[in-house]
Amino acid sequence: VSQAETLKAQLTAAGVHLVTDEAVPTSTTSYSTIISALASQHPEAVLELGYPQNDGPFLAQLASSGAHFPMVFTVNPGLVLPLFTSQLPASTLSWIYTYGTNFFNTYSSVTEGLTTQAFVAKLRATYPSAVNSFGLFGYYTGLVIEAALRNATSLSQLALRNALTKVSGSLRTVNGTFAINAEGAQVGERFPLAQLFPAGQSVRLELVTPPASSLAAAVYPAP
């Protein structure tokens with residue numbers, strides 16, 4: 001919900017007109033009616049923000065519906081790509097936009113914990129099933145907790161909050177910079193945008209923005 005609200009606020013501020021905005025329970029697995037309604041409005045982009053159990057049915061039903069949108073974004077293919085390539089054909093995943101997490105965006109100025117290459121190598125050797133972005137997020141959370149405990153004067157809520165404020169902006173990890181605003185919200189992680197390109201019987205994920213880290217040119221509208 002917070003991701004959707006932030007995105008809507010930024011799009012509105014940028015002058016982007018939202019054709020529709022519909023929230024559904026996280027247990028939703030049937031999107032046929034929603035897709036049909038979207039198709040009737042001819043949007044220039046469709047963004048579906050859900051969990052893996054939402055993204056899979058949405059993409060499968062979009063492909064079978066015959067509807068076509070110039071741009072489709074879903075969160076999770078870029079987080080656990082092997083899961084999606086094992087469930088959906090390349091034709092369904094091709095041209096989808098998603099997050100390019102930090103397995104694809106190496107930070108050269110890591111000050112806390114392992115670098116991207118060292119982290120992936122260690123995780124693959126120890127927990128091969130966890131070599132995905134969720135494994136990275138768990139490691140990152142551990143690094144933040146460790147830094148908070150290291151800098152806190154006690155285990156009180158205020159002391160831990162002060163410790164996190166102290167390291168905010170200077171804690172650079174494999175997952176990006178830990179930085180919080182005045183409300184305590186994390187604002188340091190900014191995932192690049194990626195797109196899935198057809199690659200034979202599968203797909204490959206390439207960063208398309210920001211330009212400094214992009215590896216391919218975004219394709220819009222989708223073929």
Side-chain angles (χ1 to χ4, degrees), residues 1-101 104 132-134 137 185-187 189-210 214 216-223:
V1 174
S2 61
Q3 183 176 187
E5 292 302 319
T6 299
L7 181 60
K8 286 187 291 184
Q10 292 186 347
L11 290 175
T12 301
V16 176
H17 172 62
L18 298 180
V19 174
T20 186
D21 170 27
E22 184 169 351
V24 298
T26 56
S27 58
T28 300
T29 57
S30 177
Y31 292 92
S32 300
T33 301
I34 294 174
I35 292 169
S36 178
L38 285 171
S40 69
Q41 300 185 67
H42 307 289
E44 296 180 6
V46 172
L47 290 78
E48 184 266 326
L49 307 177
Y51 293 97
Q53 64 267 27
N54 305 118
D55 290 7
F58 172 79
L59 291 172
Q61 291 163 40
L62 175 60
S64 63
S65 72
H68 180 76
F69 303 112
M71 172 183 177
V72 175
F73 171 91
T74 62
V75 172
N76 293 284
L79 307 186
V80 281
L81 185 57
L83 172 66
F84 284 84
T85 55
S86 69
Q87 295 178 345
L88 299 171
S91 58
T92 296
L93 293 170
S94 293
W95 314 115
I96 299 297
Y97 287 82
T98 186
Y99 285 137
T101 63
F104 306 96
N132 55 49
S133 295
F134 293 131
F137 299 156
Q186 162 67 293
V187 295
E189 297 176 45
R190 296 190 179 274
F191 293 148
L193 184 66
Q195 191 172 19
L196 300 177
F197 293 87
Q201 298 301 309
S202 188
V203 292
R204 72 180 192 278
L205 186 150
E206 299 282 7
L207 301 185
V208 294
T209 191
S214 64
V219 174
Y220 179 92

Quiz item: Which side chain to side chain donor-acceptor pair (under 3.5 Å) pairs, counting each pair once, include a residue from residues 68-94, with sequence neighbours left out?
Solution: Asp55-Asn76

Of all heavy-atom pairs between [X] and [Y], which one has the smallest distance, and what is that distance?
X: Asn54; Y: Pro25; answer: ND2-O, 4.4 Å
X: Gly100; Y: Leu205; answer: CA-CD2, 4.4 Å
X: Val80; Y: Pro52; answer: CG2-CG, 4.5 Å
X: Ser65; Y: Ile35; answer: OG-CG2, 3.6 Å
X: Pro43; Y: Val46; answer: CG-CG2, 3.8 Å
X: Val219; Y: Gln195; answer: N-OE1, 2.9 Å

Find out whether [X] and [Y] are in side-chain contact, i.e. whether some heavy atom of one side chain is under 4.5 Å from a heavy atom of the other.
X: Pro198; Y: Trp95; value: yes
X: Val75; Y: Gln3; value: yes
X: Val203; Y: Phe84; value: no
X: Leu59; Y: Pro77; value: yes

Nearest-0.5 Å distance, [atom1] of residue [X] to [atom2] of residue [Y]:
X: Gln61; Y: Thr33; atom1: CD; atom2: OG1; answer: 9.5 Å
X: Leu196; Y: Ile96; atom1: CG; atom2: CD1; answer: 7.0 Å
X: Met71; Y: Glu44; atom1: CE; atom2: CD; answer: 11.5 Å
X: Thr6; Y: Leu49; atom1: OG1; atom2: CG; answer: 10.5 Å
X: Thr28; Y: Ile34; atom1: OG1; atom2: CD1; answer: 6.5 Å
X: Leu93; Y: Leu88; atom1: CG; atom2: CG; answer: 5.0 Å

Practice problem: Applying salt bridge (charged side-chain N to carboxylate O under 4.0 Å, His left out), name anything that partners Glu5, two or more places apart in sequence or on another chain. | Solution: Lys8

Quiz item: With a cut-off of 6.0 Å (strictly less than), are more than 12 heavy atoms of other residues, nucleotides or ligands near CD of Gln41?
Solution: yes

Practice problem: Not counting sequence neighbours, which residues clear ring-ring contact (aromatic ring centres under 6.0 Å, His included) with Phe58? List them please. | Solution: Tyr31

Quiz item: Quick one: which of Tyr220, Tyr97, Tyr99 gives a ring-ring contact (aromatic ring centres under 6.0 Å, His included) with Phe73?
Solution: Tyr99

